[in-house]
Number of protein chains: 2
Amino acid sequence: MSAERSSTVTLRMLADQLGLHVSTVSRVLHAKPDESHRAASSATVERVRKLADELGYRPNPHATSLRTQRSNLVGVLVPRLSDIVLATIYEGIEEAAGERGLSTFVTNTSDVPEFQRDRTDMVLARRVDGMIFGDAYVDAAFLGEVAERGVPFVLVSRRAGDYPSVTCDDYLGGRMVAEHLLSLGHRDVAVVAGEPYASTGIDRSTGFIDAYADAGIEIPAHRFTHSRFDARGGHEATERLLAEDEPPSAIFAVNDFAAIGAVGAARDHGLSVGADIAIAGFNDTPLAAELPVPLTTVHSPMHEMGRRGLELLARLLHGEQVSSERLRPELMVRASTAGS
Amino acid sequence: MSAERSSTVTLRMLADQLGLHVSTVSRVLHAKPDESHRAASSATVERVRKLADELGYRPNPHATSLRTQRSNLVGVLVPRLSDIVLATIYEGIEEAAGERGLSTFVTNTSDVPEFQRDRTDMVLARRVDGMIFGDAYVDAAFLGEVAERGVPFVLVSRRAGDYPSVTCDDYLGGRMVAEHLLSLGHRDVAVVAGEPYASTGIDRSTGFIDAYADAGIEIPAHRFTHSRFDARGGHEATERLLAEDEPPSAIFAVNDFAAIGAVGAARDHGLSVGADIAIAGFNDTPLAAELPVPLTTVHSPMHEMGRRGLELLARLLHGEQVSSERLRPELMVRASTAGS
DNA sequence: GACAATCACCCAAACGTTTGGGCCAAACGT
DNA sequence: ACGTTTGGCCCAAACGTTTGGGTGATTGTC
């Protein structure tokens with residue numbers, strides 16, 4: 001039954017109306033169980049709570065932050081929010097943040113270092129308590145600077161250096177795809193490896209290559225190419241791979257969008273995906289299953305990754321010692337690798 | 001040459017170090033061109049600026065907000081950030097916000113009214129200056145409440161009531177698709193219309209239906225069905241349409257994801273998209289062009305929509321009178337409607 | 001050389017909280 | 001009956017800004 005007072009209600013208004021001191025009201029409303037009974041009589045506590053509720057009192061977060069030197073804000077940097085992978089991770093972050101009374105600022109860096117620096121500064125200027133980076137470079141150079149400034153942070157999606165991170169077990173995911181393709185008899189395969197600075201692409205392709213090596217098959221250099229992470233990037237990279245005399249019988253693209261681009265390129269070359277050539281992706285984006293030729297891919301728990309990322313940061317902010325987490329991937333076999 | 005002071009630097013620190021009063025420093029750093037010379041001598045101004053720069057002074061936004069009663073924060077509500085359409089709109093919002101020194105809180109409501117209310121409360125509790133809704137229900141019931149609370153806001157993507165909004169000209173877009181299909185000779189067509197509460201789906205399908213009516217063709221009720229906006233929703237809706245004895249020769253799905261679902265359903269029915277059945281979408285999502293059968297769709301300027309939305313809100317916050325904007329769509333003809 | 005006008009600043013009160021200390025009265029212990 | 005504890009509350013000082021209103025020295029005007 002919270003009435004709508006047009007002008008915002010403050011502690012002082014409550015205090016005046018109750019004939020109490022503002023500090024008393026403050027203590028009552030904080031209600032740390034160990035303090036609440038020391039603050040006022042239970043009758044008073046009741047009165048205060050009731051009025052606060054009726055008037056719809058909301059503490060002014062700026063005043064609180066100013067006083068406590070804690071903003072309950074966290075900054076989140078991602079390469080692009082229009083990438084569904086990062087968007088989904090962010091949804092997890094935001095959900096977990098809401099549950100803890102934290103709010104998030106999220107912003108794009110387009111994976112360009114200059115923007116990362118810029119946006120970090122902006123976010124820090126807003127006095128966030130900590131940060132979550134979804135756009136870490138594997139060399140961790142910039143993160144070193146951030147760490148030196150004493151800013152608490154964690155990484156999601158990509159790992160870097162020894163900083164705490166929550167990632168998918170990308171190496172294992174890469175191996176899973178390799179073992180799947182091996183079991184289908186593919187011996188001449190290629191990799192669309194993503195950007196060279198992202199641990200995701202690196203680990204996924206390394207896992208893939210290692211698994212093939214374990215099976216006694218060395219993947220030659222000309223079967224390996226970097227790419228942007230989007231559909232067009234995958235398309236272009238696959239063009240390069242298919243320009244060879246003998247096309248490979250299977251392609252592993254390190255994310256679904258690159259894989260969709262790869263499918264497009266295969267089509268352009270008159271190859272039927274699933275029959276003439278096998279293509280696998282990574283992430284199990286919702287679209288993967290809906291594509292005209294459903295895509296074999298590795299499911300990575302993106303939402304969960306976001307949640308865990310925020311929880312890791314929360315623990316860090318509480319002064320706890322934290323360590324990185326690697327979430328389990330799961331292979332989703334579909335038609336794009338179905339052909340004999 | 002901004003040195004890193006580990007402890008945050010305040011106005012007082014600057015003032016003390018310069019032998020000035022904190023208010024003088026404040027005025028200098030505000031530097032409204034009409035006030036800066038009234039604040040201090042140009043020599044002093046120089047000294048102040050230099051030290052502020054050296055020490056890397058950043059005003060504490062909480063203190064500023066507390067004092068000025070303005071937070072330079074705006075709240076953004078979207079159905080789902082993992083929907084690339086909304087994510088892209090938000091990127092536009094965030095970009096424009098950054099340019100104006102505003103920051104944004106964005107949060108998902110999953111299009112459920114209870115969450116809209118909840119999240120609005122949370123965002124308002126953070127004392128945002130205004131809000132942008134990307135999840136408006138066409139009935140505008142909830143928005144009425146928000147307006148009554150005196151919160152300045154604008155709408156993006158969807159319109160509702162007479163509240164200021166920035167949308168694509170969805171009605172026109174719908175007509176464009178209809179005219180395209182008519183020109184290809186399609187006379188028996190169906191519509192996957194999206195959610196009944198979203199103006200986007202309503203306007204797009206109304207435009208489409210009106211254009212057919214203008215051509216003397218009445219689209220019967222069993223050729224029209226609502227759907228969720230995602231691939232699975234489009235798939236299910238198309239299943240319903242294709243369960244009829246005579247399938248239509250073309251389907252207009254009011255967004256690209258629903259269209260992708262429609263493509264999947266068509267495939268399941270043994271129909272070749274572009275040859276046996278034409279399918280068109282809406283939004284021109286980056287994927288549309290990369291699909292195995294590239295998708296005919298209507299390009300809507302999503303990024304720009306976000307930018308304009310923020311600018312509209314900014315003007316509103318400046319007390320200006322604002323009015324809604326409708327951005328021009330553009331038809332992208334591709335293979336999915338190429339067949340004879 | 002008297003007067004006002006400017007210049008270059010300083011003062012102090014807010015904005016809404018939080019929090020370490022008080023202080024007074026009633027209850028308690030012996 | 002007299003000190004001590006406790007319950008129940010109040011005081012006041014911060015946190016870092018902004019901003020309307022000074023004030024004393026210099027400059028300009030005649």
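The chains referred to below are lettered A, B, ... by the order of the sequence lines, with proteins before strands, and numbering in each begins at 1. All figures in this text were calculated on a predicted structure; none of them were measured in a lab.
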Report task. Dump the intermediate steps for salt bridge (Lys or Arg N to Asp or Glu O under 4.0 Å) on B:Arg315 and B:Glu311, then the final yes or no. Result -> CA-CA 6 Å; B:Arg315 291 213 297 279; B:Glu311 281 157 18; 5.4 Å; no
Query raised in the report: B:Phe142 and B:Tyr137: ring pair (Phe, Tyr, Trp, His ring centres under 6.0 Å), yes or no, with the steps?
Result: CA-CA 8 Å; B:Phe142 172 58; B:Tyr137 270 44; 9.2 Å; no
Query - Criterion side chain to side chain contact (heavy atoms under 4.5 Å, CB included) on A:Arg47 and A:Leu20, from CA distance to verdict - result: CA-CA 11 Å; A:Arg47 283 203 311 140; A:Leu20 289 172; 4.2 Å; yes
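Summarising the geometry of A:Phe153 relative to A:Pro164, their closest heavy-atom pair is O-CG, 3.8 Å, with the distance given to 0.1 Å. The nearest pair of heavy atoms linking A:Asn108 to A:Leu81 is OD1-N, 2.8 Å.
Between the NE2 atom of B:His21 and the C1' atom of D:dT23 there is a distance of 13 Å, given to the nearest Å. For B:Arg127 and C:dG16, the CZ to P distance is 9 Å, given to the nearest whole Å. Note: CG (B:Asp16) to P (C:dC10) measures 11 Å, nearest angstrom. Between the NE2 atom of A:His62 and the P atom of D:dG16 there is a distance of 16 Å, rounded to whole Å. We find that CZ of B:Arg126 is positioned 15 Å from C1' of C:dG16, with the value rounded to whole Å. Here the P atom of nucleotide C:dA14 and the CG atom of B:Leu11 are 20 Å apart, to the nearest Å. With rounding to whole Å, B:Met13 atom CE is found 12 Å from D:dC15 atom C1'. Following rounding to the nearest Å, A:Asn72 (CG) and C:dT17 (P) show an atom-to-atom distance of 15 Å.
If you check every strand for non-hydrogen atoms under 4.0 Å, A:Arg58 touches sugar and phosphate atoms only. Backbone-only contact: B:Thr68 has heavy atoms under 4.0 Å from sugar-phosphate atoms and none from a base. Among the heavy atoms of the strands lying under 4.0 Å from B:Thr10 are primed sugar atoms or P, OP1, OP2 only; no base atom is included.
The residue among A:Thr64 and B:Ser23 whose nearest nucleotide of DNA chain C lies closer to the 5′ end is B:Ser23. Summary of the strand contacts: A:Thr44 and A:Val22 both lie near DNA chain D, and taking for each the nucleotide with the nearest heavy atom, the more 5' one is attributed to A:Thr44.
The pairing partner recorded for D:dT19 is C:dA12, the criterion being a Watson-Crick or G-U wobble arrangement whose two distances lie under 3.5 angstrom. Across the strands present, C:dG1 finds its partner in D:dC30; the criterion is a Watson-Crick or G-U wobble pair with both atom distances under 3.5 angstrom.
Among the nucleotides D:dC11, D:dG16, D:dT17, the one closest to the side chain of B:Leu66 is D:dG16.
The base of D:dG8 lies outside donor-acceptor range of the side chain of A:Arg47, with no N or O pair under 3.5 Å. Applying the 3.5 Å distance criterion, the base of D:dG21 shares a donor-acceptor pair with the side chain of B:Arg27.
Residues B:Arg149 and B:Leu124 form a side-chain contact, since some pair of their non-hydrogen atoms from C-beta on lies under 4.5 Å apart.
Taking only side-chain nitrogens and oxygens, B:Gln69 never comes nearer than 4.0 Å to OP1 or OP2 of C:dA14. The phosphate of C:dC10 has OP1 or OP2 within less than 4.0 Å of a side-chain N or O from B:Thr24. OP1 or OP2 of C:dC9 lies within a sub-4.0 Å distance of a side-chain N or O belonging to B:Ser41.
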